[in-house]
Amino acid sequence: MWFLQVVALIIVLGLVFVLGLSQGEAQERERIENQRRLEAMGGKNSSNKYF
């Protein structure tokens, strides 16, 4: 019976790991997209009429 518990635990940990990776990749893509948008509007340090 303990074997089924170990298998279930491995499956749950695998799912948590995969979902965490996908969430991290989505946040990284969003950060890069926001950085590109900011640079397209004039960069981070320049005076811009939008800021």
Side-chain angles (χ1 to χ4, degrees):
M1 197 64 181
W2 62 270
F3 183 73
L4 292 177
Q5 291 175 339
V6 170
V7 170
L9 181 64
I10 291 173
I11 291 173
V12 168
L13 290 178
L15 283 174
V16 168
F17 181 72
V18 169
L19 291 175
L21 279 181
S22 66
Q23 180 69 23
E25 289 177 0
Q27 287 179 352
E28 182 67 15
R29 281 194 302 268
E30 184 178 353
R31 186 188 67 80
I32 292 173
E33 181 180 332
N34 287 339
Q35 184 177 0
R36 286 182 185 154
R37 186 181 301 128
L38 186 63
E39 290 172 357
M41 285 170 52
K44 296 176 181 171
N45 297 325
S46 66
S47 64
N48 193 322
K49 64 180 181 180
Y50 296 113
F51 293 118

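As the structure is a computational prediction, the values presented were derived from the model and not from experiment.
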ask   = Mind checking what makes side-chain hydrogen bond (donor to acceptor under 3.5 Å, both in side chains) contact with R36, not counting sequence neighbours?
value = none
For residues 1-27, run the donor-acceptor check on the side chains, cut-off 3.5 Å, and write out each pair with its distance to 0.1 Å, sequence neighbours left out.
from : atom 1 : to  : atom 2 : distance (Å)
S22  : OG     : L19 : O      : 2.9

key: R31 and N34 side chains, donor-acceptor separation under 3.5 Å   =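 No, no side-chain donor-acceptor pair sits under 3.5 Å.
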Salt-bridge present (E33, R29; N to O < 4.0 Å) =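 Not counted as a salt bridge, because no side-chain N and carboxylate O are separated by less than 4.0 Å.
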inquiry  = Just checking E30: does its CD atom have more than 12 heavy atoms from other residues, nucleotides or ligands closer to it than 6.0 angstrom?
reply    = no
